[in-house]
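Just below is one structure, and these are the notes that go with it.
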Amino acid sequence: MTTEQAIAQDIEAKVRHTQEREAAGNSKFGFIVFLLSESVIFLSFFTGYIIYKTQTPNWYPPGVTGLEIRDPAINTVVLVSSSFVIYIAERFLHDKKLWGFRLFLIATMAMGGYFLYGQAVEWSSLPFTYQSGLFGGLFYLLTGFHGLHVFSGIVLQAVMLGRSLFPGNYDNGYFGVEATSLFWHFVDVIWIILFGLLYLWQ
Amino acid sequence: MTDISLKVPEAVRAQPYPGAPDNWKRFFTFSTDHKVIGIQYIVTSFFFFLVGGAFAMVIRGELITPDADLIDRTAYNALFTMHGTIMLFLWTFPVLVGLGNYLVPLMIGARDMAFPRLNAVSFWMIPVAGVLLMASFLVPGGPSQSGWWAYPPVSLQNPTGNLINGQVLWILAVAISGVSSIMGAVNFVTTIFRMRSPGMTWFRTPAFVWAVLAAQLIQLYGLPALTGGAIMLLLDLTIGTSFFAPDRGGNPILYQHFFWFYSHPAVYVMVLPAFGTFSEVLPVHARKPLFGYRVIAASSILITIISGAVWVHHMYASATPPWMRMFFMVTTMLVAVPSGIKVFGWVATVWGGKIRFTTPMLFALGGISNWLFAGITGIFLGSVPIDLHVHNTYFVVGHFHYVLYGAIAMAIFAAIYHWFPKITGRRYYEGLGQLHFALAYIGTQLTFLPMHPLGLMGMPRRVASYDLEFAYWNVIASLGGFLLGVSTVPFILNMVSSWILGEKAGDNPWRAYGLEWLTTSPPSVENFEEIPVVISPPYGYGQDRPLVASNPNPKTIADSGFLIEQKTLSPEPE
């Protein structure tokens, strides 16, 4: 190999490395922009909820006095703590400890799954349906739309878990995991607001 | 070393040139090249422009006589609904996204958009939305009849009782086009923020790119609100929730808030790229720098911010409390200020310039004059007392058609003519272009000007028949409308024949000052062999300052110092 070729290869490798880093940076930037935009859907639902709740004289459907708060509170604690668990998983990946990453990712998924299970139990025990006036519709819309996001988050985590099984996937950065984790934090923050609106403000 | 550098141009020359008609099959593939996607957007949406235009012809044909004699009232309702929906969601939005897609990476010196595959996915959702919308002609009950804004309770009526009805298909089509827009917006914002070439600071970025950025930021904050409203409307319509249904305790006014929170800023999503086009076309054909470039660029962002707080001016007559009317009247007046700044800048750009009355210049000047008129009637409508008088009359119809056809469609045509040599590598026929302009401009005035006196006389919009006293202006408007329809013929003839047979344009036929002119026409797949290094603000006409430090396409582009800095060559060592 001549010196010129060696130099050319070196430059090429550097260019590729820069391009990869730029591409990952673009993806992260784009994902944050997307999440900001996505949050506006929730914001408009929240605004709608507040306006409806303050302007409707008979808020609860007949026979309903309010929502049971104990089980949802437990659910909330589980979901919010899972945000810390996925953060630990990310740190493990950062230190290239794949088993720690997998373990804590599975724990996050289990906590998310528990949240969805708790939600399902609550839904099936409620004395009203989505057709029970504005309150019924909004309750199922807000929790359902958020639940869809939790579900998507768990699917994303499963994909990331699957990708970790193939060697070399996370050698050059792990944008997918960062995005999944960011999404999970987002879903958590939305739930905290939602918990306040639906359960604390009764 | 010489060996290596000689191998590159062969590879570059071998690359196909997207835009040349000889490889037309590329346009029917899932291409990730921003230029192919741009052309796909433009051509697809132009097809829908023809469909929406055909509906408009039927509507004007119906209105040429006072009675509902050409088509029945149900069909009339369906046609104006589809006309509005198609013209906004399948023509104006996508064609501007297409122009942005084609031009933004070239203008900022990038090789492609930030997310090429996402870009292709966003494009291919547009035909899907179109097919869904067209399919509503086939379902029992026909298409939605509730207008392009689909206000409940009208939009919640489902006389056939089917789950798949025109309104449901309408919501799905709009939702798909919305998802496509959001993905496009993420792509544009990331591209513009992160992929500008070295040396291109914010105030060296062309005004068109600023305008596209401002428009796409509106998509990001506004469109989710409409999506939220549309989800609730869809649930009301299909599974029987009661968000907007007054008979079930819902509040239909809230839908109007959701809808207009996006759909008023959406006007700016469409008009901002049109503004950007004016800012690009005028300096080239007047041979003068854009007057007040920095202010024009920044005023786009100002519009993005203020337009988020004006939406209630569509709802003065929706039992809106007086304090709210006052507040939104003031903000509506305020949003006219940045637009006024722009118009002032454009007039000052043209003033004293060496104006060449080419087709794009004519369309740009015509578009600005129409925008000025539309802006003035917009101020009328923004003020509560006048709006309450002309609310839901033809005055409103005339106003927004001056915006959408008079200003935005004219800007789109200006852009297509201006960048046609770059996109296709060929020149269009100037005579046909000017004929197109003359017909379109006269047609616009004849069609939409009579709507203002009609509105002041009290003719309501969305009616298939009307009182005899409105007949005079309606006949003129209909004749003008048919003229507008005819004006499309020279355009299509021009585009198709020039693309195939037109004279070769060369790389910079306008002697324009911008990065997109520093590549071949049509540009190669990678746009630039080397990423250009920008050393000047844009629009350096008559200022004798080069735009870039070195030639980004040294093998294909020659330049005598107008755009590229000429370095005094040091003597070769050998």
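Just so we're on the same page: letters track the sequence lines, and every chain starts at 1. Side chains are part of it too, since the values below use all heavy atoms of this structure and drop only hydrogens, waters and symmetry mates.
Neither the backbone nor the side chain of A/Ser39 comes within contact range of chain B, judged by heavy atoms closer than 4.5 Å. Heavy atoms closer than 4.5 Å to chain A are found in the side chain of B/Phe115, but not in its backbone. No part of B/Met183 comes within reach of chain A, as not one of its non-hydrogen atoms sits under 4.5 angstrom from that chain. Heavy-atom distances place no part of B/Leu223 under 4.5 Å from chain A, backbone and side chain included. B/Tyr262 does not touch chain A: none of its heavy atoms, backbone or side chain, sits under 4.5 Å away. If you measure heavy-atom distances from B/Leu220 to chain A, the contacts under 4.5 Å come from both the backbone and the side chain. Looking at B/Leu226, neither its backbone nor its side chain comes within 4.5 Å of chain A, counting heavy atoms on both sides. Only the side chain of A/Tyr52 comes within contact range of chain B, with at least one heavy atom under 4.5 Å from a heavy atom of that chain. Contact annotation for A/Ile51: only side-chain heavy atoms (C-beta onward) come within less than 4.5 Å of a heavy atom of chain B. Heavy atoms of A/Leu36 lying under 4.5 Å from chain B are absent altogether.
Aromatic ring centres of A/Phe115 and A/His146 lie closer together than 6.0 Å. Ring centroid separation for the pair B/Phe258 and B/Trp311 does not come in under the 6.0 Å cut-off.
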Run B/Leu233 and B/Leu156 through side-chain contact (heavy atoms from CB on, under 4.5 Å) and show every step you take.
CA-CA 8 Å; B/Leu233 189 68; B/Leu156 290 180; 3.8 Å; yes
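Classification of the A/Phe145-A/Phe42 ring pair by plane angle, with boundaries at 30° and 60°, yields tilted. Between A/His149 and A/Phe183, the ring planes are parallel. Angles under 30° get that label, and only those over 60° would be called perpendicular.
Put simply, of B/Asn251, B/Ile239, B/Thr227, B/Val186, the one with the most heavy-atom pairs under 4.5 Å next to chain A is B/Ile239.
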